Amino acid sequence: MKTFKILMISTLFIVISTLVVYSVESSKPESHNASWMKLHGQASKVNEEECLACHSKRDDCIRCHEDTPPRNHTPSWMRRGHGLESRWNREKCMTCHNNAFCEECHTTQMPMYHTSRFVNGGHCYTECHSPNLRDTKCITCHKGYHGPQGPN
Amino acid sequence: MKNKNIFIMLLLSMILTVFSSNYAFAYGEYNTPDSWGMHTTPGGFKNSYQGIRLGNTAIMDMNLTTRFRLRANEYSDDEDLFQYIRGSIKGIKLGQGNVEGSYFLRFSGDLNGSDSKRFFDDSHDLGLDNNDVYTRFYHGELTFSNVIPNTNIVAGRQYVNHIETLQIDGLDVSYEINDKLSIFGFSGAAVNYFDDWDDDWIHGGGFEFKPFHTTKIRGEYIRANVEDFHDDIAHIRVDQVVPYGTVYAQFGNLDNAQTLEAGGNFQLPKIGTLLNVKYEGVYDEISDDNSYIENPLTYALLPYGKYNLINVSAYQGFLEHFMIGAGVEYRDANGQNDFFNRDYTKYFTSLDIMGLPTDGTYISLFVEKWDTEDNKESDDEQKLQVGGSVTQQITKTLDIYAGTRYDRYKYDFVEFDYGDVTLARGRKRESIRTYYFGSKWEPTKRVSLIVDCNIENSDVFEDEDFENNYTVEAWLNIAL
């Protein structure tokens with residue numbers, strides 16, 4: 001009985017493993033390999049016509065680079081990841097974003113913690129009077145606070 | 001004992017499977033499944049390759065995509081609907097040449113309107129402010145090929161992409177002088193979804209020279225007149241096909257700042273090796289006195305400092321089903337390190353398994369470590385990322401996929417209790433765990449449906465209402 005059970009399990013495993021005959025069907029060229037995600041940008045600059053043969057009118061480029069955020073752009077990314085990684089290597093951000101995109105939030109939308117209590121006093125004694133302004137989050141939006149134009 | 005026997009049998013059957021399956025990373029078969037891109041960005045368009053014939057030569061196609069997105073956590077939720085319309089008409093004869101047109105628009109709106117949904121505000125939601133429908137016009141262009149001999153004219157909203165990619169409302173004209181040399185010029189209004197662009201203009205011109213079949217040399221000059229900024233941008237680029245690969249070098253000049261990028265990609269199919277090398281150099285600081293066309297995020301991140309960066313990666317296939325990859329990226333801020341210009345070393349390694357345990361399986365495992373060095377304004381900071389993804393082809397029309405990722409950040413923090421004027425400094429270690437799964441079903445050449453779920457468990461928020469974040473997307477494509 002025990003041997004039979006072992007044989008059944010093994011047979012089932014082999015059947016599942018080998019009888020599914022569909023290959024990883026792909027109409028892609030072999031250049032679209034495991035490293036392609038990192039290389040396709042430069043490759044598209046060599047001969048864009050080759051890309052456009054399948055990715056007509058750059059629709060797929062637009063989808064990933066302008067329209068649909070990547071999977072890791074979650075609330076945690078907005079809260080923490082993007083600030084850290086953009087100052088480590090902003091080149092990566094520039095693959096999709098330009099300055100106007102940053103300004104969309106950093107000059108027009110106040111962070112959630114800018115409550116009335118914060119705006120009406122608390123902040124003056126803390127962030128801006130930190131030993132080094134660059135160590136604070138204020139400078140991300142308020143570049144000109146100590147400039148000739150005053151607060152902005 | 002019983003469990004041991006079962007384990008041995010399973011191991012033997014697995015080994016048998018490994019050596020009996022027919023192919024994978026052998027014979028130059030390196031490519032990933034069609035739905036592989038879902039692991040990076042959820043969703044996808046379906047293109048029409050058939051279209052509808054109009055008259056003797058013209059063919060028209062139209063692609064409709066409806067996308068639903070739900071984002072939710074314990075505190076809030078947000079539902080958005082996107083409608084994409086893409087299409088083209090090709091093969092219209094005019095004189096000795098052809099005319100073709102294409103367009104791509106997106107209409108989107110919020111399906112719910114609670115105030116708390118502002119937690120999820122992104123560029124889409126900000127674009128919706130004060131509007132019921134937010135429209136993005138990605139491109140709409142007419143191309144006249146050879147209607148004027150040896151001339152290609154593109155008119156309308158378009159992506160100009162000779163070296164630098166720019167989006168303009170205008171004209172791009174190319175003229176082929178002979179087989180080896182062509183020249184081009186373009187002019188138009190700058191397109192920007194986040195700024196007022198009424199008075200912003202971009203003009204440019206350049207050449208493309210192919211002295212040999214394997215060599216391409218391009219140069220371009222761009223003048224950007226944007227929001228009172230006047231930038232002069234120049235690029236020269238050389239691409240060369242060499243045995244087993246390609247190499248390139250691109251020199252750039254933004255006003256007085258110079259940059260260089262160079263690299264090479266090589267493939268040795270007989271021994272299953274891929275090798276990639278890249279160098280980037282920024283030789284002069286770029287401050288915030290440039291337009292958004294070329295401004296490297298200096299408003300948010302202060303001047304773009306000098307640096308040199310080298311990236312080397314290699315992939316090796318073995319045992320037909322396996323490919324191991326490893327790489328390193330080193331960035332040197334040229335002694336000008338500060339809070340926004342950092343030295344770092346990034347390492348990664350990956351293992352790709354194709355065709356195991358079934359021929360329709362593709363598995364990828366990866367680890368990435370990012371070590372940012374300390375400097376006078378900041379201590380060292382780190383990121384560790386570990387993840388894995390699986391795509392399984394169930395039938396010829398159905399793919400399913402799943403993946404997970406663990407991200408851990410270590411960094412210095414400065415926090416404030418605004419009421420009690422408390423300043424706190426320290427070192428923080430936060431992690432984010434992500435799980436996702438989905439499927440892509442293509443019952444016919446004209447219809448596809450993608451359903452995708454993404455779950456994030458995170459400790460970067462103090463409030464437990466934000467600890468778990470869920471995103472569900474559904475994409476329905478109809479290609480006419």
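In this text, all values refer to a predicted model and were calculated from it rather than measured experimentally. Letters go in sequence order (proteins before strands), and every chain restarts at 1.
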Contacting moiety of [X], where chain A heavy atoms sit under 4.5 Å:
X: Thr40(B); value: both
X: Glu381(B); value: both
X: Arg237(B); value: side chain
X: Asn161(B); value: both
X: His39(B); value: backbone
X: Tyr315(B); value: side chain
X: Gln167(B); value: side chain
X: Ile293(B); value: neither
X: Asn469(B); value: side chain
X: Gln250(B); value: side chain
X: Lys383(B); value: both
X: Glu430(B); value: side chain
X: Phe82(B); value: neither
X: Tyr138(B); value: side chain

Considering all heavy atoms, the nearest [X]-[Y] contact:
X: Pro42(B); Y: Arg63(A); value: O-NH1, 3.2 Å
X: Leu297(B); Y: Asn98(A); value: CD2-C, 3.5 Å
X: Ile163(B); Y: Lys45(A); value: O-NZ, 2.7 Å
X: Asn31(B); Y: Pro29(A); value: CB-O, 3.5 Å
X: Val460(B); Y: Arg79(A); value: O-NE, 3.6 Å
X: Asn192(B); Y: Ala100(A); value: ND2-CB, 3.3 Å

When the 4.5 angstrom heavy-atom criterion is applied to Arg90(A) and chain B, the contacting part is both
With a 4.5 Å heavy-atom cut-off, do [X] and [Y] have their side chains touching?
X: Leu274(B); Y: Asn33(A); value: yes
X: Tyr307(B); Y: Glu91(A); value: yes
X: Phe461(B); Y: Ser76(A); value: yes
X: Thr471(B); Y: Thr74(A); value: no
X: Thr41(B); Y: Pro69(A); value: no
X: Arg87(A); Y: Phe339(B); value: yes

Between [options], which shows the greatest number of heavy-atom pairs under 4.5 Å with chain A?
options: Thr165(B), Asn311(B), Asn454(B), Ile432(B); answer: Asn454(B)
options: Gly44(B), Ser458(B), Gly37(B); answer: Gly44(B)
options: Thr434(B), Val241(B), Asn265(B), Asn276(B); answer: Asn276(B)

Evaluate Gln42(A) against Tyr248(B) for side-chain contact (heavy atoms from CB on, under 4.5 Å), listing each step before the verdict. CA-CA 9 Å; Gln42(A) 278 302 333; Tyr248(B) 71 92; 3.3 Å; yes
Based on non-hydrogen pairs under 4.5 Å, which of [options] is most in contact with chain B?
options: His97(A), Met94(A), His55(A); answer: Met94(A)
options: Ser86(A), Pro70(A), Pro75(A), Cys102(A); answer: Pro75(A)
options: Asn99(A), Asn89(A), Asn47(A), Asn72(A); answer: Asn99(A)
options: Cys54(A), Cys61(A), Ser44(A); answer: Cys54(A)

Students often mix this up, so state it plainly: with edges at 30° and 60°, are the rings of Trp88(A) and Tyr409(B) parallel, tilted or perpendicular?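 If you compare the ring of Trp88(A) with that of Tyr409(B), the planes turn out tilted.
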Taking 4.0 angstrom as the limit, do Arg67(B) and Asp67(A) come out as a salt bridge? yes
Salt bridge Arg136(B)-Glu66(A), side-chain N to carboxylate O under 4.0 Å: no
Modelled atom types, side-chain donor and acceptor of Glu48(A) and Tyr159(B), under 3.5 Å: no
Pair Tyr411(B)-Arg80(A), side-chain donor/acceptor within less than 3.5 Å: yes
Is there a donor-acceptor pair under 3.5 Å between the side chain of Arg71(A) and the backbone N or O of Met38(B)?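 Confirmed, Arg71(A) side chain pairs with Met38(B) backbone.
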May I ask you to decide if Ser102(B)'s main-chain N or O and Lys57(A)'s side chain share a donor-acceptor pair within less than 3.5 Å? no
On the ring face of Trp77(A), is Arg405(B) found with NZ or CZ under 6.0 Å from the centre and within 45° of the axis? no
Between OG on residue Ser35(A) and CD on residue Gln267(B), distance to nearest 0.5 Å: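 The OG atom of Ser35(A) sits 8.5 Å away from the CD atom of Gln267(B).
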Look up atom NZ in Lys278(B) and atom CG in Leu39(A), then write down how far apart they are to the nearest 0.5 Å. 9.0 Å
